[in-house]
Amino acid sequence: MTSQPDQATRTAPKSEPLPGGVRHVGVIMDGNGRWAQARGLSRTEGHRHGLDTLRKLIRHTVSVGLEYLTIYSFSSENWSRPETEVSFLMSLLRRFVQRDLSEIHQANVRIRVIGDRDDLESGIRQLLVDAEDLTRNNTGMTLVVAFNYGSRNEITRAVRALAEQVADGRLSPSDIDAQSIDDNLDTAGIPDPDLIIRTSGEMRLSNFLMWQAAYSEFYFCQCHWPDFDEAAFDQALLDYAGRERRFGGLKAKAL
Ligand code: FPP
């Protein structure tokens with residue numbers, strides 16, 4: 001494991017707000033397969049290029065001073081893909097953690113992993129725990145890795161945890177509110193995403209942060225994930241800055 005780098009050499013979070021005050025961006029990295037298919041390559045080659053795009057995006061979001069970046073890396077539904085593709089995605093996660101963790105740590109990024117760890121192979125589970133432990137005290141961007149993640153599964157686990165607290169007499173049913181649900185989700189303590197970006201032209205949430213995205217803005221772009229770059233990300237932020245978020249209230253000028 002890498003030793004704790006000198007704080008002075010590490011990226012401090014920027015103090016000036018990003019366009020529109022965005023703090024948390026979620027990304028659905030879609031289109032690796034289609035990108036590869038269009039080039040006569042295997043789907044796994046698409047995922048390999050997708051990982052390169054992800055590396056560039058992490059560097060970019062750190063450099064612009066984003067506070068939280070959540071990446072949808074493997075959904076709880078992705079197990080239904082061919083076994084070869086599933087095992088390639090598992091090996092890609094391993095490669096990502098083994099090769100990139102020290103750079104991520106050096107950049108003062110904290111890693112949080114969301115998703116159901118029970119079905120994961122123990123070696124992968126341990127890698128995720130090690131990545132979280134190593135970066136726990138970092139104070140720059142939080143990189144939230146959604147792995148074996150699905151909102152329905154996350155909400156089900158949260159409801160089960162609350163039901164257990166009620167059954168034990170530690171919680172009264174009337175105390176269950178939005179905050180206690182929030183506190184039992186994998187994302188506890190992480191602000192809701194302001195903006196969710198999905199590449200590849202599909203316009204759906206696909207079981208990603210369904211509870212947390214209640215008031216998120218959405219940005220869909222046509223390009224496949226391996227073609228997504230820093231300029232495309234900045235364009236999404238600019239688009240977001242032009243939105244008016246009302247959270248169920250009225251426009252500022254109507255008040
Ligand atoms: C969706 O594209 C993408 C995924 C299911 C995997 C996303 C993974 C990466 C971007 C690489 C980084 C991965 C890790 C584990 C850190 P798709 O395959 O559904 O594309 P398609 O809709 O064109 O078939």
Side-chain angles (χ1 to χ4, degrees), residues 25-62 69-105 107 109-117 119-121 123-132 134-135 141-151 153 196-209 220-230 232-233 236:
V25 177
V27 186
I28 304 176
M29 310 181 285
D30 195 13
N32 292 344
R34 277 164 283 171
W35 181 90
Q37 208 169 17
R39 286 160 181 77
L41 302 170
S42 64
R43 293 180 55 81
T44 52
E45 207 47 44
H47 294 313
R48 205 194 306 275
H49 280 83
L51 179 57
D52 292 339
T53 300
L54 173 61
R55 286 191 177 106
K56 282 188 268 172
L57 181 69
I58 294 170
R59 287 188 194 120
H60 183 60
T61 50
V62 166
L69 175 70
T70 299
I71 51 165
Y72 204 7
S73 329
F74 188 87
S75 82
S76 43
E77 285 70 41
N78 285 154
W79 295 105
S80 64
R81 295 187 174 206
E83 203 272 327
T84 47
E85 185 168 341
V86 168
S87 61
F88 185 80
L89 286 167
M90 295 293 152
S91 70
L92 217 50
L93 177 78
R94 244 181 250 116
R95 196 178 311 177
F96 174 59
V97 176
Q98 285 163 348
R99 293 198 190 159
D100 296 86
L101 184 58
S102 88
E103 179 185 337
I104 286 174
H105 182 42
V109 171
R110 177 178 181 186
I111 293 183
R112 282 270 304 262
V113 180
I114 59 172
D116 193 343
R117 300 185 193 198
D119 301 333
L120 296 175
E121 188 245 300
I124 297 234
R125 248 191 339 247
Q126 193 54 50
L127 268 184
L128 297 176
V129 169
D130 291 346
E132 288 183 311
L134 177 69
T135 61
M141 187 177 84
T142 298
L143 174 66
V144 184
V145 180
F147 199 82
N148 193 25
Y149 176 85
S151 287
N153 171 280
I196 293 185
I197 298 172
R198 181 169 188 151
T199 55
S200 215
E202 310 290 350
M203 291 190 265
R204 55 177 172 266
L205 208 43
S206 299
N207 211 8
F208 181 57
L209 301 180
F220 301 105
C221 62
Q222 293 301 318
C223 79
H224 296 317
W225 177 251
D227 287 331
F228 192 79
D229 60 13
E230 294 88 342
F233 181 81

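Sequence positions, counted from 1, serve as the residue numbers for this chain. When a ligand or atom number is given, it counts from 1 through the structure's own listing order.
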Who are the side-chain contact (heavy atoms from CB on, under 4.5 Å) partners of Thr142, not counting sequence neighbours?
Tyr68, Arg110, Arg112, Val144
What class does the angle between the rings of Tyr149 and Phe208 fall in, given that below 30° is parallel, 30 to 60° is tilted and above 60° is perpendicular?
perpendicular
Answer side chain, backbone, both or neither: which part of Arg43 comes under 4.0 Å from ligand 1, heavy atoms only.
side chain
For Trp35, which part has a heavy atom under 4.0 Å from ligand 1: side chain, backbone, both, or neither?
neither
Could you check whether any side-chain heavy atom of Ile197 comes within less than 4.5 Å of a side-chain heavy atom of Phe233, counting everything from C-beta outward?
yes
What protein heavy atom sits nearest atom 3 (C) of ligand 1, and how far away is it?
Met29 O, 3.1 Å
Closest protein heavy atom (residue, atom, distance) for atom 22 (O) of ligand 1
Arg34 NH2, 2.9 Å
Considering both backbone and side-chain atoms of Asp30, is one of its nitrogen or oxygen atoms within less than 3.5 Å of a nitrogen or oxygen in ligand 1?
yes
Taking only non-hydrogen atoms of Trp225 and a 4.0 Å limit, the atoms of ligand 1 in range are 10 (C)
Please state which protein non-hydrogen atom is closest to atom 13 (C) of ligand 1 and give its distance, to 0.1 Å?
Leu92 CD2, 4.1 Å
What do we get for Arg81 next to ligand 1 when only non-hydrogen atoms under 4.0 Å count, side chain, backbone, both or neither?
side chain
Under 4.0 Å to a heavy atom of Asn78 - the qualifying atoms of ligand 1, by number
5 (C)
Mind checking what makes ring-ring contact (aromatic ring centres under 6.0 Å, His included) contact with His47, not counting sequence neighbours?
none
Heteroatom distance test (Leu54, ligand 1): nitrogen or oxygen, under 3.5 angstrom:
no
